[in-house]
Amino acid sequence: MTIIKAQKGTKDILPADMPVWHFMEEKANEVFSKYGAKEIRTPIFEATELFARGVGDTTYIVNKEMYTFEKSERSLTLRPENTAGVVRSFIENGMHRLSMPVKLWYKGPMFRYERPQAGRQRQFHQVGVEVFGIKQPAADAEVILMAVNYLKALGLNDLSVELNSLGCPKCRDNFKNSLKQVLKPYLGELCEDCQTRYEKNPLRLLDCKVPECQEIFAKPEVRNVIFSDFICEECAEHFNALKSYLDELKITYSVNKLLVRGLDYYNRTVFEIKSNNLGSQNAVCGGGRYDSLVKNLGGEDIPAIGFAMGMERLASLIGKIEETKTTAFVVSNNSAEAIKLSEELRNNGISCEFDFSNKKFVKQIEKASKTAKYAIILGEDELKTGKITIKNLETSEQKTISKDLLLSELK
RNA sequence: GCGCCUGUCGUCAAGCGGUUAAGACCUCGGAUUGUGGUUCCGAUAUGCAUGGGUUCGAAUCCCAUCAGGCGCCCCA
């Protein structure tokens, strides 16, 4: 019999990992609620077309990394990210008629067919926020604030915020054109990837790491274009306003002109939060503004901005959190009495286990000391006298009391 | 999709061509038939990811496959 194993790039989240995951989930609810965000859960699979139109059919994710399958002549895809799904739901449920802003947060598994490595799995989890309906830069600031404060609530401080503005479609086109123009003479020298990027998505040229391409980008005339303030007056105003909000809020950030992000829907503000303790997959958070996505997916013309964080990456930064012990463990050789007493305690809100196999008391207490705070000893002596012995397993204090007093002892 | 490295019990590992496949933790049992976290004993791999090969002889060398790690790519 061959043993069936978890599929490549997937992982069990085991009981020992749960305290960290519960911590991340509880903090998400706690922090995002403070900003008025409500949780939303959208389906794990959607129409393939949603991602092609939403995320963008020239993106790496949509082209190479989607889990797509056919069912009843429909093409379905396991979601590689959740923004498209949330936007779909926003439109479908008529949320544009709610009073703006509509703030939604989510958590859940995402799927991308990639080569796994540290901090990168095929099934992974994201927690994220989407804010709809506000075009003013204060919304950008608030969204970044939500991300930063969530990370703070998790106790993560050694992080840096990077910021950029991609401009609006208009000024971005100008930038793309001047970029293409200045690179034209060097086209033959660029790497293969960059040659396709040149045609399909010139912005992505900026994050190429091939040394030869970097050399070309370092040439003064190319550099001048890359680092030029290409964005139009309105976009620049938006970006400046955002920066001054962040300055006033004492959020430290750095502007990274090369920050582009791989999803097509972004415009104006994009940002990333990175950790220095993660190896090469070091981005814990990525996000930005996507003012035309709602409209492009058939909804009203509603601006939006959001971010997503990789929960596995967060978990590895948080480290280990101890499992909580159950409160009581009933030590007894009388299963009938033990199960009755245990259930009574549980009905009063006290977590409790008991020994099923009538092992020796030594063994039972040993087990109790590993999993519980109190041993409740219900042996022959106690059964005869109608009393109960309670032992605090941390302090070794022990007393025999009448059964009615047990609950107040445990509270 | 590409490159480099790794694969011995549930876990961490020693072993580097001839060993009875160390050791530690966990688990289970006993010392201790009603008192734990210390101690002491004992049990637990005919097996070294899988399949081929080389050799008198392979966990040890070679090849393939699978899985994992890291980097590129990409991204959370």
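Note on naming: letters A, B, ... go to the chains in the order of the sequence lines (proteins, then strands), and numbering restarts at 1 for each one.
A45(B) and A24(B) are spaced 15 Å apart, taking the P atom of each and rounding to whole Å. Distance noted for atom C1' between G71(B) and C62(B): 27 Å (whole Å). The separation of U27(B) from G34(B), taken at their C1' atoms, amounts to 24 Å, rounded to a whole angstrom. Rounded to whole Å, the C1' atom of U19(B) lies 14 Å from the corresponding atom of C48(B). Rounded to whole Å, the separation between the P atoms of G18(B) and U60(B) comes to 11 Å. Nucleotides C70(B) and C12(B) place their P atoms 15 Å apart, quoted to the nearest Å. Spacing between A67(B) and U50(B) at atom P, rounded to whole Å, works out to 15 Å. Nucleotides G42(B) and C4(B) are separated by 46 Å at their C1' atoms, to the nearest Å.
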At a cut-off of 3.5 Å, list every protein nitrogen or oxygen paired with a nitrogen or oxygen from nucleotides 6-13 of chain B, distance to 0.1 Å.
none

Check nucleotides 48-50 of chain B for protein N or O atoms closer than 3.5 Å to its own N or O atoms and list the pairs.
none

Between N or O atoms, less than 3.5 Å apart, protein on one side and nucleotides 66-68 of chain B on the other: list the pairs.
none

Using atom names, set out every protein N or O paired with an N or O of nucleotides 38-45 of chain B below 3.5 Å, distance rounded to 0.1 Å.
none

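Using cut-offs of 30° and 60° for the angle between ring planes, the Y150(A) and F32(A) rings count as tilted.
For residues 132-149 of chain A, every residue pair satisfying the salt bridge (Lys or Arg N to Asp or Glu O under 4.0 Å) rule, not counting sequence neighbours, is listed here: K103(A)-E142(A), D140(A)-R289(A). Legend: salt bridge (Lys or Arg N to Asp or Glu O under 4.0 Å) pairs involving residues 51-71 of chain A, not counting sequence neighbours, sorted by first then second residue: E49(A)-R53(A). Applying the ring-ring contact (aromatic ring centres under 6.0 Å, His included) test to pairs two or more places apart or on separate chains, those with a residue in residues 269-298 of chain A are Y265(A)-Y290(A).
Nucleotide G47(B) carries a syn base; the chi torsion (O4'-C1'-N9-C4 or O4'-C1'-N1-C2) is within 90° of 0.
Between the NZ atom of K295(A) and the CD1 atom of I91(A) there is a distance of 12.0 Å, given to the nearest 0.5 Å. Note that NZ of K107(A) and CG of N29(A) are 7.5 Å apart. Values are rounded to the nearest 0.5 Å.
Counting any heavy atom pair closer than 4.0 Å across all strands shown, A283(A) reaches sugar-phosphate atoms only and no base atom. Nucleic acid contact for G128(A): none, since no nucleic acid atom lies under 4.0 Å from a heavy atom of the residue.
With no hydrogens or angles considered, no side-chain donor-acceptor pair links T371(A) and T326(A) at under 3.5 Å. With 3.5 Å as the limit, one finds a donor-acceptor pair spanning the side chains of T68(A) and T77(A).
Under the Watson-Crick or G-U wobble criterion, with both distances below 3.5 Å, G23(B) is paired with C12(B). Judged by Watson-Crick or G-U wobble contacts below 3.5 Å, the nucleotide U50(B) has A64(B) as its partner. In this entry C4(B) has G69(B) as its Watson-Crick or G-U wobble partner, both defining distances falling under 3.5 Å. With a cut-off of 3.5 Å on both Watson-Crick or G-U wobble distances, the partner of U55(B) is given as none. The partner of U39(B) is A31(B), by the rule that a Watson-Crick or G-U pair needs both atom distances under 3.5 Å.
By the ring-ring contact (aromatic ring centres under 6.0 Å, His included) test, Y266(A) is found to be paired with no residue, residues two or more places apart in sequence or in another chain being considered. Legend: residues meeting side-chain hydrogen bond (donor to acceptor under 3.5 Å, both in side chains) with R346(A), ordered by chain and number and at least two apart, are E343(A). Under the side chain to side chain contact (heavy atoms under 4.5 Å, CB included) criterion, I321(A) pairs with P19(A), V20(A), F23(A), I318(A), sequence neighbours left out. H238(A) is linked by a ring-ring contact (aromatic ring centres under 6.0 Å, His included) to nothing, counting only residues two or more places apart in sequence or in another chain.
Along RNA chain B, the nucleotide nearest V284(A) and the nucleotide nearest Y113(A) are compared for position; the residue whose nucleotide lies closer to the 5' end is Y113(A).
Remark: R122(A) is not positioned above the aromatic ring of F111(A), lacking an NZ or CZ atom under 6.0 angstrom from the ring centre and at most 45 degrees off the axis.
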Which letters describe nucleotides 28-36 of chain B, given B = protein heavy atom under 4.0 Å from base, S = only from sugar-phosphate, - = neither?
-SSSBSBBB
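Listed for the S275(A) side chain is no donor-acceptor partner under 3.5 Å among the backbone atoms of L159(A).
On a pure distance criterion of 3.5 Å, no polar donor-acceptor pair joins the side chain of R120(A) and the base of C70(B).
As rounded to whole Å, 11 Å separates atom P of C75(B) from atom CD of Q281(A). Y265(A) has its OH atom 11 Å from the P atom of C75(B), to the nearest Å.
Under 4.0 Å is where a charged nitrogen must lie from a carboxylate oxygen, and between E382(A) and K403(A) no such pair does. At a threshold of 4.0 Å, the pair K320(A)-E322(A) does not count as salt-bridged, since none of the basic side-chain nitrogens sits closer than that to a carboxylate oxygen. Taking the charged nitrogens against the carboxylate oxygens, K370(A) and E366(A) do have a contact shorter than 4.0 Å, which makes a salt bridge.
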Pair R88(A)-E92(A), salt bridge (Lys or Arg N to Asp or Glu O under 4.0 Å): steps then yes or no:
CA-CA 6 Å; R88(A) 192 223 83 236; E92(A) 188 171 342; 3.0 Å; yes
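Checking C75(B), C74(B), C73(B) against every side-chain atom of E114(A), the shortest atom distance belongs to C74(B).
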